[in-house]
Amino acid sequence: MKYAQLPLGPLQTNCYLLIKENKDCLIIDPGGEATKLIKIMDDEKLNPKAILLTHAHFDHIGAVDDVKERYQIPVYIHENEKDWLIDPALNGSARFQMGTAIRLQPADELFVKEQEIDISGFSFKVLETPGHSPGSVSFYFADIALLFGGDALFQGSIGRTDLPGGHHETLLQSIHDKLLILPEDTLVLPGHGPVTTIANEMDTNPFLNGFS
């Protein structure tokens, strides 16, 4: 498998495509610019199987409905943020006034706990990593040592916790209990900015001093 990192939308949120050799793919956090994203997938003749959301802040969900309609695929999100997709006050699009308020269709599938899951041959673990938001999750693909971490952990930083539902200590605990225990060579694909590794963040991230 390979992945593509596509910064999209007003905040250049990282959307990821995880792609198999047969062109099946998963779409993670399609934050905006649906037309651009769809063109890329169609040009590459990809066959999307699902949309996975690490959380439901507006900059991670802006292209969801257009992509879902184009490919007729399910949307997955944690149950703690199922209402955020339909409520601009919760997803932040009303608060930040980044264009039109975002009101999406409800998700098709809800994560209700940490679990191993398989979607069309893509096998991974859903890790509950709240703190940035109450329903934040990370997707860990152990067989290829990839972690799609949303806005929990960044290169040299961590997610902001000053938005509704955020909590600093909860986020630090999530990172410590769920992410830093992963193999150190695990590649961390964050919601914003460059890719990093668990080892790099354990060694250099100033927010994690004493947590490694």
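In this chain, numbering begins with 1 at the start of the sequence shown. All values below were derived from every heavy atom in this structure, side-chain atoms included, with hydrogens, water molecules and symmetry-related copies excluded.
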Listed pairs under 3.5 Å, donor-acceptor, residues 152-160 side chains, sequence neighbours left out:
| from | atom 1 | to | atom 2 | distance (Å) |
| --- | --- | --- | --- | --- |
| Arg160 | NE | Asp162 | OD1 | 2.7 |
| Arg160 | NH2 | Asp162 | OD1 | 3.2 |
| Arg160 | NH2 | Asp162 | OD2 | 2.9 |

Pairwise distance CD(Gln105) to CD1(Ile86) - rounded to 0.5 angstrom:
9.5 Å
Heavy atoms only: give me the nearest Ala94-Ala89 pair and the separation to one decimal.
CB-N, 4.1 Å
Go through the structure and list residues passing side chain to side chain donor-acceptor pair (under 3.5 Å) with Glu114, not counting sequence neighbours.
Lys178
Assess the residue pair Glu201 and Leu179 against the criterion (side-chain contact (heavy atoms from CB on, under 4.5 Å)); give the C-alpha distance rounded to whole Å, side-chain angles, the decisive distance to 0.1 Å, and a yes or no.
CA-CA 10 Å; Glu201 297 317 303; Leu179 304 186; over 6 Å; no
Nearest non-hydrogen partners of Pro134 and Gly165, listed with the distance
CD-O, 3.5 Å
Which heavy-atom pair separates Gln5 from Asn14 by the least distance, and what is that distance?
NE2-ND2, 3.2 Å
What heavy-atom pair brings Asn80 and Gly135 nearest, and what distance separates the two atoms?
CB-CA, 3.8 Å
CG of Leu85 to CG of Leu104: how many Å apart, nearest 0.5 Å?
5.5 Å
Stepwise side-chain contact (heavy atoms from CB on, under 4.5 Å) test for Thr54 and Asp151
CA-CA 8 Å; Thr54 61; Asp151 287 0; 5.9 Å; no
Under the 3.5 angstrom rule, does the side chain of Thr161 hit a backbone N or O of Gly131 as a donor-acceptor pair?
no
Other ILVMFWY residues reachable from Phe139 by side-chain steps of under 4.5 Å
Met1, Tyr3, Tyr16, Leu18, Leu26, Ile28, Leu52, Tyr76, Phe111, Ile117, Ile119, Phe122, Phe124, Val126, Val137, Phe141, Ile144, Leu146, Phe148, Leu187, Leu189, Val195
Non-neighbouring partners of Asp59 that pass side chain to side chain donor-acceptor pair (under 3.5 Å), sequence neighbours left out
Thr13, His192
Would you find a donor on one side and an acceptor on the other, under 3.5 Å apart, between the side chain of Gln72 and the backbone of Glu69?
yes
Taken to the nearest 0.5 Å, the spacing of Leu37 CG from Asp42 CG works out to 9.5 Å
Determine whether Ile175 and Thr129 satisfy the following criterion, side-chain contact (heavy atoms from CB on, under 4.5 Å), listing intermediate values before the conclusion.
CA-CA 7 Å; Ile175 294 170; Thr129 49; over 6 Å; no
Reported NE2-to-CG distance for the pair His57 and Leu90, which is rounded to 0.5 angstrom
9.5 Å
Would you give the length of the straight line joining atom OG of Ser136 to atom CG of Leu53, rounded to the nearest 0.5 angstrom?
11.0 Å
Check whether Asp185 reaches the backbone of Thr197 with its side chain - one donor and one acceptor, N or O, closer than 3.5 Å.
no
Closest approach of Pro130 and Ser174, non-hydrogen atoms and distance?
O-OG, 2.6 Å
Say you draw a straight line from CG of Leu172 to CG of Asp177; how long is it, rounded to the nearest 0.5 Å?
10.5 Å
Test item: Asn91 side-chain N/O and Ala56 main-chain N/O as donor-acceptor pair under 3.5 Å
no
By the salt bridge (Lys or Arg N to Asp or Glu O under 4.0 Å) test, which pairs, at least two apart or in different chains, include something from residues 16-40?
Lys39-Asp43
Please list all pairs meeting salt bridge (Lys or Arg N to Asp or Glu O under 4.0 Å) that have one or both residues in residues 76-88, counting only residues at least two apart or in different chains.
none
Do Leu11 and Trp84 sit in the same hydrophobic cluster, where Ile, Leu, Val, Met, Phe, Trp and Tyr count as joined when their side-chain heavy atoms come under 4.5 Å apart?
no
Would you check if Pro88 and Arg103 make a side-chain contact, meaning some heavy-atom pair closer than 4.5 Å?
yes
Minimum side-chain heavy-atom gap Ser123-Asp143 below 4.5 Å
no
Which heavy-atom pair separates Ile27 from Met41 by the least distance, and what is that distance?
CD1-SD, 3.6 Å
